[in-house]
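Right, one structure below, let's go through it.
Please read all numbers here as calculations on a predicted model, not as lab measurements.
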Amino acid sequence: MLLNLLLLLTGFTALILGANFLVSGASSFARRFHVSELAVGLTIVAFGTSTPELVVNIVASRNGLSEVLLGNVIGSNIFNLLFILGISGTILPLFVQQKTVWLEIPISMIAVLVLYVLANTTSNGSVSVIGLPGGIILLSLFAGFLIYVFFNLRSAVPATTTTVNKPVILSIALIIAGLTGLILGGKLVVNESSKLAAQFGMSEKLIGLTIISIGTSLPELATSVVAALKKNSDMAIGNIIGSNIFNIFLVLGVCAVINPIEYPRALNTDLIILGISTLLLFTAMFTGKTKKLDRWESMLLVLLFIGYLINIITRN
């Protein structure tokens with residue numbers, strides 16, 4: 001068991017370092033085109049920090065571990081909204097652009113609703129199946145989101161940063177190193193967490209909703225906390241909202257195309273909690289100071305996550 005724990009920690013370390021390398025290299029390319037911080041957060045950074053979920057879920061999909069990959073996506077998104085934004089907003093109240101309030105946050109809500117419909121359309125008793133058609137729908141919506149970002153945010157205020165762009169060769173090296181770390185780390189996390197789950201009698205769903213989802217969300221946590229410390233609200237918010245959209249549309253879309261995903265209806269409870277969490281974030285934009293996530297609201301989000309964590313451990 002000790003060896004499994006060491007390998008699991010090694011996998012998480014590889015995921016975090018890999019995501020950091022990937023974000024650093026990709027962001028350097030993006031800044032050469034004077035892209036806004038919000039656009040970078042919604043796309044480049046969101047993709048980089050969501051890559052651990054993508055890699056872990058592709059491995060889980062190929063191994064037929066549907067509950068692991070579903071628990072990872074739903075659990076990661078809840079962790080992103082409640083804990084990461086809560087911690088970031090506690091460090092520094094986050095101001096949110098008007099477009100984010102009226103467009104990006106609702107898009108993330110639409111993603112949850114689409115997943116709920118797809119997951120409850122084709123049923124076989126207590127289990128539903130998200131197959132190739134569902135995967136194509138999710139990937140098509142992801143393509144639509146990218147088109148939206150390109151046409152609606154390319155005219156946004158460019159990033160005002162004194163960071164010196166890295167040489168192209170170094171950026172490419174960072175991207176390759178990042179992808180390598182993510183692939184190797186993803187395999188270790190899935191394999192070792194599954195072994196530990198069996199040893200402790202934990203269900204695949206519980207391990208996906210807790211250990212894997214939190215572990216693969218550590219890059220989002222690090223990125224958003226650093227962004228908050230640097231008073232970069234756009235990056236902190238864009239990273240989380242973008243990651244949640246990527247996780248549902250891209251990650252689950254790819255997995256459904258690779259292998260049909262069996263969706264236990266019991267996960268509807270967690271999916272509904274994700275929808276409520278997204279709605280809470282939208283509501284928070286109109287309480288207190290408009291378009292601002294205040295400290296008291298952020299602390300409330302953290303407390304809600306702690307309550308959710310206790311709830312899923314009790315339920316499972």
Side-chain angles (χ1 to χ4, degrees), residues 37-43 45-46 49-50 53 73-116 141 145 148-149 152-153 209 213-214 217 219-228 231-249 251 268-309 311-312:
E37 294 288 359
L38 180 59
V40 171
L42 283 168
T43 54
V45 176
T49 56
S50 289
E53 284 91 341
V73 166
I74 296 172
S76 290
N77 282 16
I78 292 174
F79 184 75
N80 288 347
L81 282 174
L82 296 182
F83 188 80
I84 297 180
L85 272 186
I87 292 294
S88 301
T90 300
I91 293 172
L92 184 77
L94 302 175
F95 289 91
V96 186
Q97 288 193 23
Q98 185 169 348
K99 276 189 175 181
T100 301
V101 174
W102 292 109
L103 293 173
E104 282 89 39
I105 296 177
I107 289 174
S108 67
M109 185 67 197
I110 290 172
V112 177
L113 293 174
V114 169
L115 176 57
Y116 184 86
L141 291 171
F145 171 69
Y148 155 75
V149 172
N152 288 276
L153 295 179
L209 283 168
S213 65
I214 292 175
S217 289
E220 283 95 333
L221 176 60
T223 302
S224 289
V225 167
V226 170
K231 300 182 179 180
N232 191 336
S233 296
D234 284 344
M235 183 71 75
I237 293 283
N239 173 37
I240 295 305
I241 300 302
S243 291
N244 281 16
I245 294 170
F246 273 53
N247 285 346
I248 292 178
F249 286 160
V251 176
N268 277 344
T269 300
D270 303 280
L271 193 55
I272 290 171
I273 291 173
L274 174 57
I276 293 172
S277 301
T278 308
L279 189 60
L280 279 175
L281 177 61
F282 183 75
T283 304
M285 297 299 100
F286 303 97
T287 57
K289 291 186 178 180
T290 306
K291 295 186 286 295
K292 178 184 178 184
L293 188 63
D294 294 304
R295 277 198 173 91
W296 71 269
E297 294 169 326
S298 302
M299 292 177 184
L300 178 61
L301 292 179
V302 174
L303 290 174
L304 287 173
F305 176 75
I306 294 173
Y308 168 71
L309 196 58
N311 176 262
I312 59 173

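Rounded to the nearest 0.5 angstrom, I237 CD1 and E104 CD are separated by 10.5 Å. A distance of 7.0 Å separates CG in L209 from CD1 in I78, rounded to the nearest 0.5 Å. Interatomic distance, CG of L271 versus OH of Y116, reported as 8.0 Å (0.5 Å rounding). To the nearest 0.5 Å, the span separating CG on L281 from CD1 on I241 amounts to 5.0 Å. With rounding to the nearest 0.5 angstrom, the CG atom of L304 is 4.5 Å from the CG atom of L300. The distance from the CD1 atom of I272 to the CG atom of L279 is 13.0 Å, given to the nearest 0.5 Å.
Every ring-ring contact (aromatic ring centres under 6.0 Å, His included) that F79 has, sequence neighbours left out, goes to F83, F305. With sequence neighbours excluded, the residues satisfying side-chain contact (heavy atoms from CB on, under 4.5 Å) with T278 are L81, I105, S108, M109, V112, L274. The side-chain contact (heavy atoms from CB on, under 4.5 Å) check on S213 picks up N72, S76, with sequence neighbours excluded.
Of all non-hydrogen atoms in L82 and L301, the two that sit nearest each other are O-CB, 3.3 Å. Summarising the geometry of I84 relative to S224, their closest heavy-atom pair is CG2-CB, 3.7 Å, with the distance given to 0.1 Å. Contact record, A228 with A236: N-CB, 4.5 Å, taken as the closest heavy-atom pair. Here the closest non-hydrogen pair linking S217 and N80 is OG-OD1, 3.5 Å. Shortest non-hydrogen contact noted between L85 and S298 is O-OG, 4.2 Å. Here the closest heavy-atom approach between residue E53 and residue E220 is recorded as OE2-OE2, 3.2 Å.
A donor-acceptor pair under 3.5 Å is absent between the side-chain atoms of R295 and the main chain of G89, judged by distance alone.
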Inset, instruction - Go through the steps for L94 and S88 under the test side-chain contact (heavy atoms from CB on, under 4.5 Å), then give the verdict. - result: CA-CA 8 Å; L94 302 175; S88 301; 4.1 Å; yes

Legend entry - CA sep, side-chain torsions, deciding dist, call: I248, V114, side-chain contact (heavy atoms from CB on, under 4.5 Å): CA-CA 9 Å; I248 292 178; V114 169; over 6 Å; no

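Side-chain contact between F246 and V73 is absent, with no heavy-atom pair separated by less than 4.5 Å.
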